[in-house]
Amino acid sequence: MEIVKKRVIIIGGGYAGISLIHKLKNYNNLEILLIDKSQQHLLQTHIHKYLSGHYSESDITFNHEKYCTQNGVKFICGEVVSINYDNNYLITRNGQLHNYDYVIVATGSISIFPKQIENIVEYTKDIKDINNLNYYRNKFLKILESEPLNKSLVVVGGGVSGLQIACEYAYTVQKRGFCKDNIQITIIEGMDTLLPGMDEFLINKAHERCKELDINVITKLFASKILEDKILLSNGDEVRYDMLIFVIGAMGNSILNVDKKVQQNQRNQIIVDEYYRISPYKNAFAIGDIVQANDVKSKLHQAPTAQGARMQAEFIADNIINEIKHKPLAKNNISNKGILIDLGGPNCAVGRLFNFNISGKLALWFKKLIYSLHSKKFN
Ligand SMILES: Cc1cc2nc3c(=O)[nH]c(=O)nc-3n(C[C@H](O)[C@H](O)[C@H](O)COP(=O)(O)OP(=O)(O)OC[C@H]3O[C@@H](n4cnc5c(N)ncnc54)[C@H](O)[C@@H]3O)c2cc1C
């Protein structure tokens, strides 16, 4: 008797979508279709190394078509604009309709550019886009090659992403034999410290490293207005810049036509149930940055991380198989294992894994291991 394969459509081939395919691809009774609006998977966790010129494009982007062909998965490059959850189909921007048995929304997030900051849209670009990354990378490399003097590079946002970018830039500046008189790197963070809300050990290490790298750290002040060559801060101070990067957070990248029954939070993230299903639909799941889900240990909302995206993907892969086999579904058991932060240079990273503080070579080794485990999926 011929077995009818279940059709699974995954929307978004980022960290979450690719981790899901990786887990589901060996299950024979599925026909998997990945739809992504981009031809490339972008490894966001290592953007800083690309921006500094340390990594090449092939280190941080991987071709979706090639990956899918190698893994027996169909790929369509297109943007999903609506999902009809009641009738199990979705529509792409070019008007194509695709039926599914299961749909997984893994559309990630986009950077936040609050309108309260005057002119923010004119002078900033989303670093989650490879074209924008190329713009910033080229600009930085040009500055480096220009016998720089009195140049200013400003990163707004002192969270993990902003800190990693600033440290990587500052380390590259030092490695090229320049100092802060040549290129001054500045981080502007609105809260009291870098890495706001994180463990004290991480915060202290971040500040120490910024000191070592001569990074000018401005805290407790917000960017209020942006002009062509300077930022105005909330206390009226001005910071001149030759290059400006904004990384102050992200919000869910929701599909254009949102189903009214789907619950979203203020950051456009889908509020999923304890099985990561998009309530009230039994055959629709959401994973990755697009999701608001709780950490089972801390009871707080899970931070949008690559680590979380991978764990959620592996978790729902098992539940999709359970569902097909008419077995009971497992309930959310995901809890954050920790964080690793690259602080620029061959020996400088910091982290907290399973409640242990780590730093230096060991932390960097773990960070590299995670990079190679993920990028290996594409080889
Ligand atoms: C600079 C930076 C540094 C980071 N560092 C770390 C770190 O050190 N550790 C860590 O754990 N996390 C880190 N993160 C966070 C991590 O990268 C994200 O949490 C992770 O990429 C989320 O994966 P995702 O699959 O949900 O979304 P994404 O990786 O953003 O993928 C979403 C995919 O969906 C596609 N898509 C979107 N909308 C549609 C649509 N309508 N139709 C079709 N396709 C669509 C996009 O093209 C994209 O390919 C970092 C992020 C940044 C920006």
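As the structure lists them, so they are numbered: ligands from 1, and atoms in each ligand from 1.
- A cation-pi geometry, defined here as NZ or CZ lying under 6.0 Å from the six-membered ring centre and within 45° of its normal, holds between R137 and Y50.
- Any N or O atom pair closer than 3.5 Å counts here, and G12 shares no such pair with ligand 1.
- Considering V156, I226, D229, V155 in turn, I226 is the only one that fulfils the side-chain contact (heavy atoms from CB on, under 4.5 Å) rule with Y241.
- Put simply, part of G78 is less than 4.0 Å from ligand 1, judged by heavy atoms.
- Counting heavy atoms closer than 4.0 Å to ligand 1, residue I35 contributes backbone atoms (N, CA, C, O) but none from C-beta onward.
- Counting only non-hydrogen atoms, the option in N253, L51, L340, D289 that gets closest to atom 26 (O) of ligand 1 is D289.
- Counted within 6.0 Å of CD on Q263, heavy atoms from surrounding residues, nucleotides or ligands total 12 or fewer; the atom is thus considered open.
- At least one heavy atom of K367 sits less than 4.0 Å from an atom of ligand 1.
- For the pair A306 and ligand 1, the shortest N or O to N or O distance falls below 3.5 Å.
- The aromatic rings of H41 and Y15 lie tilted to each other, with the angle between the two planes from 30° to 60°.
- Side-chain contacts under 4.5 Å among hydrophobic residues (ILVMFWY), followed directly or transitively, place M251 together with I110, I112.
- The shortest N or O to N or O distance between H64 and ligand 1 is not under 3.5 Å.
- Looking at A106 against ligand 1, only its backbone comes within 4.0 Å, counting heavy atoms.
- Between Y15 and ligand 1, at least one pair of N/O atoms sits closer than 3.5 Å.
- Considering backbone and side-chain N/O atoms, I127 never comes within less than 3.5 Å of an N/O atom of ligand 1.
- For K6, the NZ atom is loosely surrounded, since the number of other residues' heavy atoms within 6.0 Å does not exceed 12.
- Checked against the 6.0 Å centroid criterion, the rings of Y100 and Y89 do not qualify as a close aromatic pair.
- In terms of polar-atom proximity, D36 is counted as a contact of ligand 1, with an N or O under 3.5 Å from an N or O of the ligand.
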